[in-house]
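Input: a single structure, listed below in structure tokens.
Within every chain, numbering begins at 1; the chains are lettered A, B, ... in the order of the sequence lines, protein sequences first and strands thereafter. The shown structure was predicted, so the numbers you read here are calculated from the model rather than taken from an experiment.
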Amino acid sequence: METSRTDFVVRLAGESGEGVLSLGEMLTTALARLGYEVYTFRTYPAEIKGGTVLYQLRVADHVLLSYGSCVDVFVALNEEGYHDNIHSLRPGGTLIYDSDGVPAHELPDRCVIPIPIGTIAKKEIGSALTKNMVALGAVLRYVGAPVEAGEQIAEQTFKRKGEEVVQKNFQALHAGYNYISQHADCLKPLLGGIEKVNPDRLVINGNEAMVLGALHGGLAFYAGYPITPATDIMEALAPVLPRFGGIVMQAEDEIAALGMVLGAAYAGKRAMTATSGPGFSLMVEQINLAAQAEIPAVVVDVQRGGASTGLPTKTAQGDLNIALYGVHNEAPRVVMAPTSVEDCFYLIQHALNIAERYQLPVIVLSDQSLAHRRCTIPKPDLMRVPRWERIMPEPGTNGEYARYAITETGISPMAIPGMPALAYTSTGIEHNEYSDPTYTPENLQAMKGKRFRKLEHLNEHYAEQFVRIWGEPDDAEVGIIGWGSTEGVIREAMQLAEREGVRVAALYPKMLMPLPVRIIEEFAGKVKKVLVPEVNFTGEFAAYLRSQTNVRPISYARDTGLPLDPEEVKEEIIRIARM
Amino acid sequence: METSRTDFVVRLAGESGEGVLSLGEMLTTALARLGYEVYTFRTYPAEIKGGTVLYQLRVADHVLLSYGSCVDVFVALNEEGYHDNIHSLRPGGTLIYDSDGVPAHELPDRCVIPIPIGTIAKKEIGSALTKNMVALGAVLRYVGAPVEAGEQIAEQTFKRKGEEVVQKNFQALHAGYNYISQHADCLKPLLGGIEKVNPDRLVINGNEAMVLGALHGGLAFYAGYPITPATDIMEALAPVLPRFGGIVMQAEDEIAALGMVLGAAYAGKRAMTATSGPGFSLMVEQINLAAQAEIPAVVVDVQRGGASTGLPTKTAQGDLNIALYGVHNEAPRVVMAPTSVEDCFYLIQHALNIAERYQLPVIVLSDQSLAHRRCTIPKPDLMRVPRWERIMPEPGTNGEYARYAITETGISPMAIPGMPALAYTSTGIEHNEYSDPTYTPENLQAMKGKRFRKLEHLNEHYAEQFVRIWGEPDDAEVGIIGWGSTEGVIREAMQLAEREGVRVAALYPKMLMPLPVRIIEEFAGKVKKVLVPEVNFTGEFAAYLRSQTNVRPISYARDTGLPLDPEEVKEEIIRIARM
Amino acid sequence: MAEAQTISLQTQPIQRQPKDYRSDLEPIWCPGCGDYGVLNALFKAMSQLNLDPDKTVLVSGIGCSSRLPGFVVTYGFHGVHGRILPVATGIKLANPELTVIGVGGDGDGYSIGMGHFPHAARRNIDITYIVMNNQIYGLTKGQTSPTSSTGFQTKTTPFGSVEGAINPLQLAIVSGATFVARGYSSMPNQLAKVLVEAIKHPGFALVDVFSPCVTFNRVQTYDYFKGKVYEIPDTHDPTDKFAALRLAEQEEPFPVGILYRVDRPTLDEQVAVIKQQAYTPAPSVEQLFRRYQ
Amino acid sequence: MAEAQTISLQTQPIQRQPKDYRSDLEPIWCPGCGDYGVLNALFKAMSQLNLDPDKTVLVSGIGCSSRLPGFVVTYGFHGVHGRILPVATGIKLANPELTVIGVGGDGDGYSIGMGHFPHAARRNIDITYIVMNNQIYGLTKGQTSPTSSTGFQTKTTPFGSVEGAINPLQLAIVSGATFVARGYSSMPNQLAKVLVEAIKHPGFALVDVFSPCVTFNRVQTYDYFKGKVYEIPDTHDPTDKFAALRLAEQEEPFPVGILYRVDRPTLDEQVAVIKQQAYTPAPSVEQLFRRYQ
Ligand SMILES: Cc1ncc(C[n+]2csc(CCOP(=O)(O)OP(=O)(O)O)c2C)c(N)n1
Ligand SMILES: Cc1ncc(C[n+]2csc(CCOP(=O)(O)OP(=O)(O)O)c2C)c(N)n1
Ligand code: SF4
Ligand code: SF4
Ligand SMILES: [Mg+2]
Ligand SMILES: [Mg+2]
């Protein structure tokens, strides 16, 4: 890791429903527009009002891998938030607090800046609604950003509400900005210079990247049922998909959502749904139908914390088991997991492709931390993932059409209603090639074999392209095999560990089922010890690796509702290396 | 295996809906009442009418472990049935066929007895409805049973319909009986003598044994939704449970069934439901609620063949994965699998006990072959499984009641509505000890830890009692680790293999989650090779063992819709031993 | 956009006969099952409408009745138990040119499928939904269904059902269905006539059909229905919601025919309008990137 | 039989005040949320009935409104989304002495929970079901619900909802509910009165309550309801099903009060009768063994 001039972490904490998240998002956008790299994290209570929201933003002039371990600037907007987070502020860091809401504080070794945000907004500007702008101005000033960065945001945000509102917010922004200029005696420029703003970068979160990827991937039909933290996918698609000629339906529940998706896919559309754990549970029966009747379907599961209703707004990687195994009896499915925000854009296209080509359900495991992680990514390459179309039969083989023809790849050409003389009945009952119900042992074995061959084919031909290896496995003391949203944190932890002299490599398979066993075993064979870090309680991926490969990994399962911390993982890497 | 005078297999095959199953059941009961041991198997199409039903009955004067591999007497009642099954008739065996429905046949090395069943019933008795009785008489005569054995059955079956009907059926029975006496020239007495009828044996199938066990285990509430092959559990309970003061409800679907069960359990009743794969899939969300909110619930899954709707009337062991892992995020559950009809009686009592004591869902995995396997078992011991009651708090600790108190065992005393001053809210949201929604990492870890500790406690204290070991593991060439309904077949295969000089041992854990890892690893450590036979496609149990233990088993997964065959397993044992 | 092409060959307009819709698969129903009558009426209706089998989809769930799609030469979707309506909705939205007909049982539709029924009705999705209502579960061998009468004895209700029966017609009407009718499998011509109207009707059309299960329902038999079914007279105004509700209230004798028929924009129409209004020729994801810059 | 004992201590009959039902947990609703009004009306009704908190169970699903049980000192069951009615049915059947009240949102009850609603009604299980109908999804931040009006704009329906709204009152009536009422959270006394009657009513009682979501529903606000709600006059005959259906048809102004109330044996009563008739003192499994000998 080169030394760099800009790399700091700002944490905002305040009352839920009071605009902390939008303050964070505005700050993020403002700094990103100046050309810095950003990487964020948010966590908030399950209720609409009350409780503390936390927004963390890391800013740097180099590519970021995590939202950082220790806080340089802590902005406390309510008392509870102050108490819960002040311990994270590093010595030498700065506390900015709303002196209207948080009692006065002295802190050794920290710079402390009180600012009466509400008073300024109400007294000076004449509108409590401008509090957020006061705060934005203050933070921008503190980190050393020009006030114009805030003005641009204010203008964009309030344009719709008329010039007067925009002006009020400009005033508020300046008031906060100036207050810090005048009252802070520990101003240090945190932002270094930026050569040139790179126009080819986006500031975007995982859910948004997935939406753009799905649109680019030819999504034509979306049905869903609201559920945190997946809802924004449907909300983002609703106004946009029709512009692309597609349809968005809010269904009566998740069962209906997937039913509609299967109907649309059967009728020839690229279709998907997105949900989280509880909704995924309800989809299990029809995912099985998709597999058995061979209907393409993409199901995104944005994992959240806790079993049952659990921790709806927290993060976890706890749905791997149900994604892999949530099926009575056995039918093939593909399970994929994007590892970064950028990945969300590409992986969903692959998911749509694989579903179409292989005629089966593809489950995409994202999670709350990735879904809401807003960060800078290179502008996506629209040419990278070529479109795969459904394999269709020749038209008009009247009456002779074997919908479930037994083929070498396991893929049988699939007709679409409307195609002449290829009418067939799609069915979840065991059937012969012509889709007639058939119960013989021979047929069962032939058909199940055919369906599972699709996974073999996929694995053989495409598994490698979904594996990413970081570092040099040869002779690494610790080899990490991870999955999903932890990749950035792990890469950062690797850098930290290497600085302490431990050689580490990491492997991330983005396709988890079928599992690229050969590549994994090869990697594991090169490293001394294998560590599997994941955000859950029982170590699901580690157990899965044990069941499918000859690897005997050390499980590092941490289930807290929060993403892993690079420091913490580094410690574990070192512990294991020295074991 | 000692030589014995009686041990033969009768297979009946005929048109679905034409009474083949009831003929088989009558024959089974008649021979069982004479004091023979019986063991049956049935398989039939998913449709109400049409297709071929197969009923197989093995009869012996010693305890039976399987329904046998080759057929001694084949009774063909329709042409399709004849063609599909004639290859199973061993050389030297006997074919009895309905010459009204099956074209004339000559068979080398077999005794062939045509009998015009329909003609006899219609012409001689004057009622086509008596066909089954003609057939019963014929088979009884052929195997060498007294005609009175059939009379008893006829009387019982038709008593309700009046004396005239009984007499008609007597005539039919005798007609069939006499026809064979007169027309068969290859009569050999298959039935040897029986010293004394043992009154302490029942002839019963797995579903029925489970019903009796549940009644004896204190079941007070049952809600379910019809589904093959679990429906008979509800149907058997419906007239009987109210006599025991309990309630049976047919719900609108499986989701509602489990919802009712959870409501009743929360309100203090021992409650259960039974279903099969598709219904189990729909229950997944609320099983998770039961685990997270700590509500006792027993869910019986009578596994059937095929994914999705699949093969509704065939057998499989394909739901292990979803039973173990069908949960978003993670919450504890217990998974048990009875290994024999007798076991069904006891295991369901344990399941009810464990659910009550540990306040969690207990999933019981039966399957079609076990559910419909009618066989002779010793009269169950009503004292064997002592009742475990729910652990309840002291009454009246007003307002102070910590429903989810963190305890060493993980079990928190559970109040029942109506108990004074202990009111609390049961919830699936993550909560603190007082059941208030709580989202901190510390609380999550404490609570998840507490909930999973229940499994550890259960495993530590009770796992051994659910493990059954057959044979001598020390130095066995092959050690089989199996689960569920295959136990009998495996024991028979072991005997066959031992006769060929291969030393085999077997271990059957009836509790699969928590898994008794220590005992399994100990067993595996003693044997040379571990073989895991199961009736599914992907080898679910073998993969599970790999993931949870250091055992590296050889998977023998056969998915045909039919139970394993002892001969086939024996071959595999020998193959592996010689490998 | 990955829109699969609907290939349509230039063919002579032909008049299809009822038998032309029959597939090679033999129905597996018990001899005498009411569902044969429904199948035949459907063949007749399809023939009268000269429906193109290549542009027709039958969607079913699980049950004896739900096996029907296999016996017809159209496209078919034999899904899981209770999910006919979401699947049919997805198909119709995906390709409004298709004629989409749901076919299933009373258990499938009114028990496990109940969660979707009022929603399909209020959305007024342009599909026809034929329920073969035998007031029992056939395929699972005779348990009580939501349309079984109170007191009905089955193996799951040996003391007689203590639940009131569902009135599917009233439910459909108050939920917003725009076409609600009843048929009887033993009146195939009348049923065919109703089916023709139902399929032609733009919007959600429910046709609940008494279709006796001769094997398990010993109460609602052909004998039972004798004299208990009458055709709705012409004097009935099917656009009058409350008249329809009153008619639907009647039992023994039961009215058959069209109880309710009104016009309301369909879901698929309205979704098409939205699509059309929003549609931007050649929209680009590139353009959307700007929001994030 | 493992029947857990309902322990009941000898206590003085006390008159509980509304505040006595309030738990220590602070409601987490937004200031101004209609659900506060429903909670207060419920406290009043409970006090008027002097309900024993130890013998009362509130059953809820998931949603802002479904958090209600935590704010009351009775027993509570906060289950998963949409499953209030099966759980409440199980509780009431298991112990008919309990007063069982379902509380939840319109999404919970009429969308994902729809599959259970007509069934609970036709069974006439003796529970009260209070739906806090804000015509929107609150907890998930403002999506369209089945009671949202046509044209309603949310983030999931940016072009306006094209679906007809559910009429829960009519649905309940035709499904067989024996008590159907509507309330408004800003008329707490009237609502409390209705709740008293609903809880007293033996059978399935639906109380649908307009309970504005001040944060996400910008259409059905307190202002909107001003002058749009009127009490059902005494002249209405609540035993007249069709009069009730007609009343339920009215919109703007909306009638509040009891639309429908009839008597019909409840599920729990009838199940109790079956149990009583079938019950054999000390039946033995041993005896059942004989069937298999
Ligand atoms: C989820 C699920 N639950 C239960 C079943 C078992 N099942 C198959 S058909 C059926 C009901 C059949 O009744 P109905 O829908 O009225 O059709 P019918 O056979 O009477 O035509 C049931 C309960 C299933 N296939 N899937
Ligand atoms: C199975 C499942 N799907 C979705 C959700 C997400 N979810 C929580 S509450 C809710 C709807 C809330 O609306 P409503 O029931 O009307 O209650 P309100 O918040 O408006 O009071 C949804 C969709 C969930 N918890 N579980
Ligand atoms: S069981 Fe009943 S519904 Fe099924 S095919 Fe036979 S008669 Fe028809
Ligand atoms: S979001 Fe709406 S329903 Fe939820 S608490 Fe706030 S005002 Fe009430
Ligand atoms: Mg039916
Ligand atoms: Mg709501």
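Residues of residues 236-264 of chain C that come within less than 4.5 angstrom of chain D, heavy atom to heavy atom, are C:Lys241, C:Phe242, C:Leu245, C:Arg246, C:Glu249, C:Arg264 in numerical order. Of all residues spanning residues 133-150 of chain C, those with a heavy atom less than 4.5 Å away from chain D's heavy atoms are C:Pro146, arranged by number. Applying a 4.5 Å heavy-atom cutoff, the residues of residues 102-128 of chain C that approach chain D are C:Tyr110, C:Ser111, C:Met114, C:Gly115, C:Pro118, C:His119, C:Arg122, C:Arg123.
The contact between C:Ile274 and chain D is made entirely by side chain atoms (from C-beta outward), counting heavy-atom distances below 4.5 Å.
A 4.5 Å side-chain heavy-atom check between D:Val174 and C:Asn167 finds every atom pair outside the cut-off.
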Could you pull out every donor-acceptor pair under 3.5 Å between side chains of residues 276-283 of chain D and any protein atom, sequence neighbours left out?
residue: D:Thr280; atom: OG1; partner: B:Arg243; partner atom: NE; Å: 3.4
residue: D:Thr280; atom: OG1; partner: D:Ala278; partner atom: O; Å: 3.2

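With values rounded to the nearest 0.5 angstrom, D:Ser175 atom OG is found 4.5 Å from C:Leu171 atom CG.
Nearest approach of D:Leu267 to C:Glu163, heavy atoms of both residues: CD1-CG, 4.3 Å.
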